[in-house]
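Step one of this worksheet: look at the structure below.
The model shown is predicted, which means the values in this text are computed figures rather than measured ones. The basis for the numbers below is simple: all heavy atoms, side chains too, and nothing from hydrogens, waters or symmetry mates.
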Amino acid sequence: YKALSFKQVLFGNAKDLVWGPNGTFAILDQLNEIVIQSQTGEVLKTLKFDFYVTQIFGGSYLGISNGDFVLFYNWDGVCIGKIDVEVKDVYWQGDEFVVKGPSVLYRLTLNKNSKDNLFELHYEIEDAIQSGYWLKSLFFYTTDGMRFKVALQGKGYPLATFAEANMILEHLPNHERFFFFDSNSSVRSYGVSNKLLNILEQVERDGFEATSADSAAALEEDERDFLAKLLQQNEQFELAYSIVSNTRTKFDLGIKLGYLEQTVAFCEELCEPIYWKKLGDLALLTGDFEIAQRAFWACDDLNSLLLLGSSIGDRELLLRVAEAAQRNKHYSVAFTANWICGELRGCIQSLVESERYGNALIFAKNYCPTEIAPIMDKWKIYAKRKGYGDRLANPADYPEQYGELTVLEGIEKVVSSAITHVPSQNYLQLQERLNEIDYYALASEQGLDVLSSTLADVYASLKDVQEVEY
């Protein structure tokens, strides 16, 4: 190691000091004057103002601020322009510069040959920056939120997040690293490869569309994922999909692009229900019912399977859903699936197992009277555990008081034997004809045989496709 020796050249009092090109510097003295001096200490120019100068800024040009605006001078002491904005710092790179405000940064260009548009604003980014650093055409900065960002096409993109606030010291291209220091004077570094920097320069110059998969292929995995994230945020989904290596990010991009077949493999790798659910929703939206069904089964989304089965009329699927829902105690799904399929006893089973005995009895009285007695037996067992079993009575034990049950049970047998499948086009007509029949009155007054023949005539008249006028 070598220790550098320093030799004193000049000394004196100053409130602030900033550097210009070729060793030139300027000081703000106690008299509110700006003194521009050469490297040897020769006074080149003294500037006096009728306002209080709060801060000065160095770089390609000298900036002088009173808090509400900033004046720019060349290092010969000639004023070239003014910007009416509160300025905290100015970062120069040739004729391009970044103005740091309290919670915003402005990137501008100085047009020396234009009087009307001396300062050309490229973009502004709402961010509370702490320190900034130019690297060729790229501007990097740290924020009060302890993030390290790069400004691209008018937006700030985070490269890293630190545990505490850091200021940018320098970038060493041979090491491909940025160096920072914190309030404790501790130095740390963060690696950004030269290959990534070249790509970012191209993006800043020509836009995100100029990025190619070939150039991104040479990056390390974490940098490819970072670049893919930038592309994704700027709606370059196909390019991001081609270069990203992270499975979760690739899945999200595949969903956006509608790559169903490829996305199945990502779901199998991730093995998390939320990804299967997203895939199933997309497949359902695009009409790929095979993949939708596979995805919904993988994440146990019985509600979506119920929707799918009822929409496409897949009885086998609905019965599977009813069985799975019953097993998993999703009784409302099981009831609905059984109801759509006409499995009335399955509906009763769902109501009984969910301990909704009153609903089960009402349902049985209307559709399955033969199930009333078994339901009452189960209800009484349940009621005894709850302390009110003596208040319930089974209608089967009192035939003289519930004689209509015999008629209802006979109607159930007649209806179940009379049901015949008819074309779907005739379904509404079938329901209208069946709803016109008073089942109980016809069975109790004229007998079950008359009811049976009446139903047979209705079904026979609609067994063929009927012409419907719209």
Side-chain angles (χ1 to χ4, degrees), residues 93 96 98 105 107 122-123 125 127 129 132-143 145 147-162 166 168 170-180 188-270 272 275 278-279 282:
Q93 174 79 332
E96 290 196 42
V98 168
L105 67 88
R107 179 168 177 170
H122 293 287
Y123 53 74
I125 300 175
D127 224 338
I129 75 171
Y133 184 86
W134 280 98
L135 184 60
K136 297 182 180 179
S137 62
L138 297 174
F139 183 73
F140 295 84
Y141 62 97
T142 57
T143 71
R147 287 188 170 187
F148 174 44
K149 292 186 174 183
V150 58
L152 291 172
Q153 296 286 312
K155 294 182 180 179
Y157 297 95
L159 287 157
T161 302
F162 301 122
N166 284 270
I168 303 176
E170 186 63 79
H171 172 262
L172 299 182
N174 293 337
H175 296 274
E176 299 187 345
R177 303 192 76 82
F178 282 87
F179 288 83
F180 308 83
R188 69 182 68 203
S189 67
Y190 182 81
V192 180
S193 72
N194 293 332
K195 295 175 182 176
L196 178 59
L197 291 175
N198 292 334
I199 293 175
L200 296 180
E201 283 186 60
Q202 186 180 20
V203 168
E204 178 66 10
R205 183 176 61 253
D206 302 323
F208 286 93
E209 301 83 359
T211 309
S212 67
D214 293 336
S215 61
L219 299 175
E220 297 294 332
E221 182 176 312
D222 58 337
E223 292 189 335
R224 285 206 311 273
D225 291 342
F226 166 74
L227 182 58
K229 186 176 181 180
L230 300 191
L231 293 168
Q232 182 180 1
Q233 292 176 4
N234 289 274
E235 299 184 352
Q236 301 294 315
F237 299 124
E238 291 189 10
L239 182 56
Y241 180 85
S242 66
I243 68 174
V244 72
S245 57
N246 182 274
T247 304
R248 285 179 169 80
T249 306
K250 208 171 186 74
F251 169 86
D252 291 335
L253 290 167
I255 289 293
K256 280 186 171 63
L257 294 168
Y259 296 163
L260 295 179
E261 295 289 347
Q262 298 91 323
T263 310
V264 171
F266 303 143
C267 290
E268 292 173 343
E269 180 181 345
L270 295 168
E272 294 182 26
Y275 294 104
K278 290 181 179 179
L279 174 60
L282 177 62

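Each side chain to side chain donor-acceptor pair (under 3.5 Å) pair with one or both residues in residues 226-243, not counting sequence neighbours, appears once here: Y157-N234. Residue pairs that meet the side chain to side chain donor-acceptor pair (under 3.5 Å) test with at least one member in residues 191-202, sequence neighbours left out, are E176-N194, S193-E223.
Take E170 and apply the salt bridge (charged side-chain N to carboxylate O under 4.0 Å, His left out) test, not counting sequence neighbours, and it matches no residue. With sequence neighbours excluded, the residues forming a side-chain contact (heavy atoms from CB on, under 4.5 Å) with E220 are D222, listed by chain and number. Every residue was checked against the side-chain hydrogen bond (donor to acceptor under 3.5 Å, both in side chains) condition with T143, not counting sequence neighbours, and none meets it. For D206, there are no side-chain hydrogen bond (donor to acceptor under 3.5 Å, both in side chains) partners at least two apart in sequence or on another chain. For Y123, there are no ring pair (Phe, Tyr, Trp, His ring centres under 6.0 Å) partners, not counting sequence neighbours. Applying the side-chain hydrogen bond (donor to acceptor under 3.5 Å, both in side chains) criterion to T161, with sequence neighbours excluded, gives no partner residue. Listed by chain and residue number, H175, F179, S189 satisfy the side-chain contact (heavy atoms from CB on, under 4.5 Å) test with R177 (two or more places apart in sequence, or in another chain). For E96, the salt bridge (charged side-chain N to carboxylate O under 4.0 Å, His left out) partners are R107, not counting sequence neighbours.
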N/O donor-acceptor pairs under 3.5 Å from side chains in residues 148-156, not counting sequence neighbours:
from: K149; atom 1: NZ; to: D127; atom 2: OD2; distance (Å): 2.8
from: Q153; atom 1: NE2; to: V203; atom 2: O; distance (Å): 2.9
from: Q153; atom 1: NE2; to: E204; atom 2: O; distance (Å): 2.9

Show me the side-chain donor-acceptor pairs of residues 251-264 shorter than 3.5 Å, one per line, residues at least two apart or across chains.
from: T263; atom 1: OG1; to: Y259; atom 2: O; distance (Å): 2.3

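Put simply, the residue from T142, L138, I168, V98 that forms a side chain to side chain contact (heavy atoms under 4.5 Å, CB included) with Y133 is I168. The only option from Y141, Y190, F140 that meets the ring-ring contact (aromatic ring centres under 6.0 Å, His included) definition with F178 turns out to be F140.
Distance check: I199 CD1 to R224 CZ gives 10.5 Å after rounding to the nearest 0.5 Å.
Looking at every heavy atom in both residues, A213 comes nearest to L239 through N-CD1, 3.7 Å. When all heavy atoms of L197 and H171 are compared, the closest pair comes out as CD1-NE2, 3.7 Å. E221 and S245 make their closest contact through CG-OG, 2.7 Å (heavy atoms, listed as atom of the first residue, atom of the second, distance).
Within 6.0 Å of atom CZ in R147, 12 or fewer heavy atoms from other residues, nucleotides or ligands are found, so the atom counts as exposed in its surroundings.
Panel note: side chain Q93, backbone L135; no donor-acceptor pair is recorded below 3.5 Å. Checking side-chain atoms of R188 against main-chain N and O of F180 turns up no donor-acceptor pair under 3.5 Å. For D225 (side chain) and N246 (main-chain N/O), a donor-acceptor pair under 3.5 Å exists by modelled atom type.
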Self-check item: Derivation of the side-chain contact (heavy atoms from CB on, under 4.5 Å) call for E269 and K250
Solution: CA-CA 12 Å; E269 180 181 345; K250 208 171 186 74; over 6 Å; no
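Looking at T211 and I243, their side chains never come closer than 4.5 Å, going by heavy atoms from C-beta outward.
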